[in-house]
There are 2 protein chains.
Amino acid sequence: MGWTERVVEHLADEGHRLTGPRRAILEHILRYSAPFTAEELLADLQKAGVQVGRATVYRTLELLHTNQWLGLVHRPEGEHGYVVAEPGHQHHLVCRRCGSVIAFQGCELETLLGGLAERLNFRIEGHWLEAFGVCRTCQMTSAA
Amino acid sequence: MGWTERVVEHLADEGHRLTGPRRAILEHILRYSAPFTAEELLADLQKAGVQVGRATVYRTLELLHTNQWLGLVHRPEGEHGYVVAEPGHQHHLVCRRCGSVIAFQGCELETLLGGLAERLNFRIEGHWLEAFGVCRTCQMTSAA
DNA sequence: ATCTACTTGATATTCTGTATCAAGAACTAT
DNA sequence: ATAGTTCTTGATACAGAATATCAAGTAGAT
Ligand SMILES: [Zn+2]
Ligand SMILES: [Zn+2]
Ligand SMILES: [Zn+2]
Ligand SMILES: [Zn+2]
């Protein structure tokens, strides 16, 4: 069962309706190999001849993000981009060259933060970790 | 030598001019105990009777950020805020209650990411880590 | 004091994201 | 299948954030 099917099932369970625009958006999201923004998706949908309103795109992405089917990544430059995700705690490796994203769970991080928290008496409730660099493919594709 | 003096010195070394607006902005920045945005700073400056243009505020913050005298923090909700920082690699603990920020360096994180990188053949060039929770003071101040 | 290059800031403009609300459609229950 | 209820949609208007422009102003060097 693919990502789309799982999302559809989950949304149905939560009582959300499966509408045309939502289907179209879900399908289009899978075409991205790099983080995308709401405006980019809107433009791509229109370019593809799919008639969807701006507000719907924003609302649907928000819905998916809230349910953790989309993760949020930010580039060092500043903007935010969405990436396909799975519910649960995870982090990302983002390629600076091609933008591809690899998700990972590795949370020995909890240990590091735990020690820190104890030392500072700071109650940690969550964290945000994102690494960026050059993916395997891009390393091979061209020099350095 | 305080933050402001170090910034001033650094900017001078780099050939940037020390203007009135820049001085005013540097002074005001130190008044924040929580992450702030360009618009907030602009409003505060005007409220304080300091006459500075919007563009200048944005440009100056950008300049400071580029030189790592300001760090960028984003709240789980989405917006970005600036925080006073020191050049070099560091991360932040942000209190969800009062917004105060504690910087830390602890990068055993490099180890975790290193292993991951090797396994995936992903060349990691940098990362972004931010933890959020409730600071010591806020834990004492009120319940939970 | 003079000069030059860097800065500034008012204005216009572009973009992003949200609020509104009547029309339309999905799901449920007959 | 039909009807009904509630959720969704999207055109439009609107608010906000950030950038582009460019003449006027000024810091710092000589
Ligand atoms: Zn790549
Ligand atoms: Zn983690
Ligand atoms: Zn606090
Ligand atoms: Zn680090």
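Just so it is clear: chains get the letters A, B, ... in the order the sequence lines come, proteins before strands, and each one is counted from 1.
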Discussion item. It should be established whether A:Gln51 places a side-chain nitrogen or oxygen under 4.0 Å from OP1 or OP2 of nucleotide D:dA11.
Written reply: yes
Worksheet item: NE2 of A:His80 versus C1' of C:dC15: gap in Å, rounded?
Response: 17 Å
Practice prompt. Starting at atom CG of B:Leu61, determine the distance to atom P of D:dA18, rounded to an integer number of angstrom.
Written response: 10 Å
Discussion item. Has A:Gln68 got a side-chain atom pairing as donor or acceptor with A:Ala85's backbone, closer than 3.5 angstrom?
Written reply: no
Fill in: ILVMFWY cluster, A:Val84 and A:Tyr58 together (side-chain gap under 4.5 Å)
no
Worksheet item: Between atom CD in B:Glu9 and atom C1' in D:dG28, what is the gap in whole Å?
Response: 17 Å
Item to complete: Report the distance from atom CG of A:Leu41 to atom P of C:dC15, rounded to the nearest whole Å.
Response: 18 Å
Worksheet item: Looking only at atom types and distance, does a side-chain atom of B:Glu5 sit under 3.5 Å from a main-chain N or O of B:Gly2, one as donor and one as acceptor?
Response: yes
Worksheet, complete the sentence: Of B:Leu18 and B:Glu62, the one whose closest nucleotide on DNA chain D sits nearer the 5' end is B:Glu62
Worksheet item: Any N or O donor-acceptor pair linking the side chain of A:Arg17 to the base of D:dC7 at under 3.5 Å?
Response: yes
Worksheet item: When the distance from OH of A:Tyr58 to P of D:dT12 is rounded to whole Å, what number comes out?
Response: 18 Å
Worksheet item: Does a side-chain N or O from B:Thr19 land closer than 4.0 Å to OP1 or OP2 of C:dT8, or not?
Response: yes
Fill in: Whole-Å gap separating C1' (C:dT7) and CD (B:Glu14)
17 Å
Discussion item. Ignoring hydrogens and geometry beyond distance, is the side chain of B:Arg59 in donor-acceptor contact with the base of C:dG9 at under 3.5 Å?
Written reply: yes
Worksheet item: Between atom CD in B:Glu39 and atom C1' in C:dC15, what is the gap in whole Å?
Response: 14 Å
Worksheet item: Angle class for the B:Trp69/B:Trp3 ring planes (parallel below 30°, perpendicular above 60°, tilted otherwise)?
Response: perpendicular
Worksheet item: Which part of the nucleic acid, if any, lies within reach of B:Arg22 when heavy atoms closer than 4.0 Å are counted: base, sugar-phosphate only, or nothing?
Response: sugar-phosphate
Worksheet item: Which heavy atom in B:Gln90 sits nearest to a heavy atom in B:Glu86, and how many Å separate them?
Response: NE2-N, 3.6 Å
Worksheet item: Under 4.0 Å: is that the gap between some side-chain N or O of B:His16 and OP1 or OP2 of C:dT7?
Response: yes
Worksheet item: Could you state the CZ-P distance from B:Arg54 to D:dT21, rounded to the nearest angstrom?
Response: 18 Å
